[in-house]
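Only this structure's heavy atoms are used, side chains among them; waters, hydrogens and symmetry mates stay out. In what follows, every chain begins at residue 1, and chains take the letters A, B, ... in the order their sequences are listed.
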Protein chains: 2
Amino acid sequence: MSDLIQKCLDAGLSMTTARRAILRALENSEDHPDAFVLHDRAKAYDPTIAQATVYRTMRILEQEGLVEKHDFGNGRARYEEAEKAQHDHLINLSTGEIIEFQDPGLEALKIEIAKRLGFHLKDHRLELYGVPRK
Amino acid sequence: MSDLIQKCLDAGLSMTTARRAILRALENSEDHPDAFVLHDRAKAYDPTIAQATVYRTMRILEQEGLVEKHDFGNGRARYEEAEKAQHDHLINLSTGEIIEFQDPGLEALKIEIAKRLGFHLKDHRLELYGVPRK
DNA sequence: CCTAAACATGCGAATGAGTTGCAAAAGCAA
DNA sequence: TTGCTTTTGCAACTCATTCGCATGTTTAGG
């Protein structure tokens, strides 16, 4: 169940109270929390957690490839469990809401374009910004 | 010739020495300079320019839609004349080099996906990160 | 051109996200 | 448990970007 905790153990990370709390908070998040929101949520499991620990933990998880860090342009990084992140994002400019989507044709095209330019695709970022159609 | 200066005038912006210098520097840039590089280049036309003025000017130009602000993940915003920015970017992870590309099929697909989700596409951002194929 | 109001500038100080040094507190392996 | 390593909380720091303010430039109207 606690997939992330297991993955961290597998990666050889030591498991502390603070870390467990943050991992749980992240796992239970269906959205894309920033470091402050994540801190708040983690406090539910361990009220003594410091903001700095959230940043430190997120950095480690990102390096381990367990977390993806996004920047949707409001000056704060937002995080998402890597496993849940097999999609791109559309940002509703009217509300700030973030919609996830996936398109196989698009994925293939990204790889194809990189190849055409002589590169092997390692990573990519696609964000669409739109307003609702009436 | 000085397209940007004319566009600024058309937009009703007042034209100062500092602004002209920054606009020229930007116009002569074929790459994606950050605020510091742009500051350096603008000093060639007006050595008294302050960094803050570069930031202020870029913000105004962005609001007017004359400039695009990019974030390629190194913590510094990078700017590009909007007119020259009809393309996406591939970042060479080995060298940091930025390659511009354009793909009509991709453009169409972005619009199509937004439409399918019920949105009218206002803006988008696509970055591919890759390593050279041997 | 000249003038006044409007706007932009340079400077240094402030902001705010993210990082870091350090001493104290866990975690971990034996 | 012991001793060693890693992590934590805190506060102080960094660094890109923004802001306040007093001064200098632009611009529109005569």
Discussion item. Expressed as a whole number of angstroms, how long is the span from M58(A):CE to dT7(D):C1'?
Written reply: 15 Å
Which atom pairs link the protein and nucleotides 2-4 of chain C when you take only N or O atoms and keep those under 3.5 Å?
none

Discussion item. With a cut-off of less than 4.0 Å, is there a side-chain N or O of R78(A) near OP1 or OP2 of dA17(C)?
Written reply: no
Fill in: Length of the CG-P vector between D71(A) and dA16(D), whole Å
16 Å
Practice prompt. Would you indicate whether the side-chain heavy atoms of S14(B) and R19(B) approach each other to under 4.5 Å?
Written response: yes
Worksheet item: Are E127(B) and L90(B) close enough that some pair of their side-chain heavy atoms sits under 4.5 Å apart?
Response: no
Discussion item. Looking at D10(B) and K7(B), is there a salt bridge between them, counting it only when a charged N and a carboxylate O are closer than 4.0 Å?
Written reply: no
Item to complete: Would you check if D3(B) and E83(B) make a side-chain contact, meaning some heavy-atom pair closer than 4.5 Å?
Response: yes
Worksheet item: For the residue pair K122(B) and V131(A), what are the closest heavy atoms and their distance?
Response: CE-CG2, 3.8 Å
Fill in: Nearest non-hydrogen partners of A82(A) and G65(A), listed with the distance
CB-O, 3.4 Å
Item to complete: Indicate the atoms forming the closest heavy-atom contact of I5(A) with E27(A), along with that distance.
Response: N-OE2, 4.4 Å
Worksheet item: In whole angstrom, what separates I60(B)'s CD1 from dC19(D)'s P?
Response: 12 Å
Practice prompt. Using atom CD of E64(B) as one end and atom P of dC7(C) as the other, report the distance to the nearest whole Å.
Written response: 13 Å
List, one per line, each side-chain donor-acceptor pair under 3.5 Å for residues 97-116 of chain A, sequence neighbours excluded.
{"from": "E100(A)", "atom 1": "OE2", "to": "H32(A)", "atom 2": "NE2", "distance (Å)": "3.1"}
{"from": "E100(A)", "atom 1": "OE2", "to": "H87(A)", "atom 2": "NE2", "distance (Å)": "3.3"}
{"from": "Q102(A)", "atom 1": "NE2", "to": "Q86(A)", "atom 2": "O", "distance (Å)": "3.2"}
{"from": "D103(A)", "atom 1": "OD1", "to": "G105(A)", "atom 2": "N", "distance (Å)": "3.0"}
{"from": "D103(A)", "atom 1": "OD1", "to": "L106(A)", "atom 2": "N", "distance (Å)": "2.9"}
{"from": "D103(A)", "atom 1": "OD2", "to": "R116(B)", "atom 2": "NH1", "distance (Å)": "3.2"}
{"from": "D103(A)", "atom 1": "OD2", "to": "R116(B)", "atom 2": "NH2", "distance (Å)": "2.9"}
{"from": "E107(A)", "atom 1": "OE2", "to": "K110(A)", "atom 2": "NZ", "distance (Å)": "3.3"}
{"from": "K110(A)", "atom 1": "NZ", "to": "D88(A)", "atom 2": "OD1", "distance (Å)": "3.3"}
{"from": "K110(A)", "atom 1": "NZ", "to": "D88(A)", "atom 2": "OD2", "distance (Å)": "3.2"}
{"from": "K110(A)", "atom 1": "NZ", "to": "H124(A)", "atom 2": "ND1", "distance (Å)": "2.9"}
{"from": "R116(A)", "atom 1": "NH1", "to": "D103(B)", "atom 2": "OD2", "distance (Å)": "3.3"}
{"from": "R116(A)", "atom 1": "NH2", "to": "D103(B)", "atom 2": "OD2", "distance (Å)": "2.9"}

Worksheet item: Once you round it to whole Å, what is the distance between C1' of dG18(C) and CD of E62(A)?
Response: 13 Å
Item to complete: Under the side chain to side chain contact (heavy atoms under 4.5 Å, CB included) rule, what do E81(B) and L66(B) come out as? Steps first, then yes or no, please.
Response: CA-CA 6 Å; E81(B) 203 181 329; L66(B) 299 174; over 6 Å; no
Discussion item. Between H89(A) and F72(A), is there a side-chain heavy-atom distance shorter than 4.5 Å?
Written reply: yes
Discussion item. Would the base of dG9(D) count as contacting R56(A) through its side chain, where contact means a donor and an acceptor less than 3.5 Å apart?
Written reply: yes
Practice prompt. Specify the separation, in whole Å, of atom CD1 of I5(B) and atom C1' of dT26(D).
Written response: 15 Å
Item to complete: Identify whether any heavy atom of R59(A) sits under 4.0 Å from a base atom; if not, whether one sits that close to sugar-phosphate; answer base, sugar-phosphate or nothing.
Response: sugar-phosphate
Response to the item:
Sorted by number, residues from residues 46-55 of chain B placing a heavy atom under 4.0 Å from DNA chain D are A52(B), Y55(B)
Show me the side-chain donor-acceptor pairs of residues 52-61 of chain A shorter than 3.5 Å, one per line, residues at least two apart or across chains.
{"from": "T57(A)", "atom 1": "OG1", "to": "T53(A)", "atom 2": "O", "distance (Å)": "2.7"}

Fill in: Atom-to-atom span, CD of Q63(A) to P of dT7(D) - whole angstrom
12 Å
Worksheet item: Just how large is the angle between the end axes of the helix from dC1(C)-dG30(D) to dA30(C)-dT1(D), five pairs per end, to 10 degrees?
Response: 40°
Worksheet item: Can a salt bridge be assigned to the pair R41(A) and D31(A) using a cut-off of 4.0 Å between side-chain N and carboxylate O?
Response: yes
Worksheet item: Do H39(B) and Q51(B) get their side chains close enough for a donor-acceptor pair, meaning under 3.5 Å?
Response: yes
Worksheet item: Within the pair R19(A) and dT7(D), is there a side-chain N or O less than 4.0 Å away from OP1 or OP2?
Response: yes
Item to complete: Before giving the answer on side chain to side chain contact (heavy atoms under 4.5 Å, CB included), spell out for M15(A) and C8(A) the whole-Å C-alpha distance, their side-chain angles and the decisive distance to 0.1 Å.
Response: CA-CA 8 Å; M15(A) 193 48 53; C8(A) 283; 3.6 Å; yes
Worksheet item: Can you check the N74(B) CG to dG18(C) C1' distance for me, whole Å?
Response: 15 Å
Produce the list of close N/O pairs, under 3.5 Å, pairing protein atoms with atoms of nucleotides 26-30 of chain C; give distances to one decimal.
{"from": "dG27(C)", "atom 1": "OP1", "to": "T17(A)", "atom 2": "N", "distance (Å)": "3.3"}
{"from": "dG27(C)", "atom 1": "OP1", "to": "T17(A)", "atom 2": "OG1", "distance (Å)": "3.1"}
{"from": "dC28(C)", "atom 1": "OP1", "to": "M15(A)", "atom 2": "N", "distance (Å)": "3.2"}

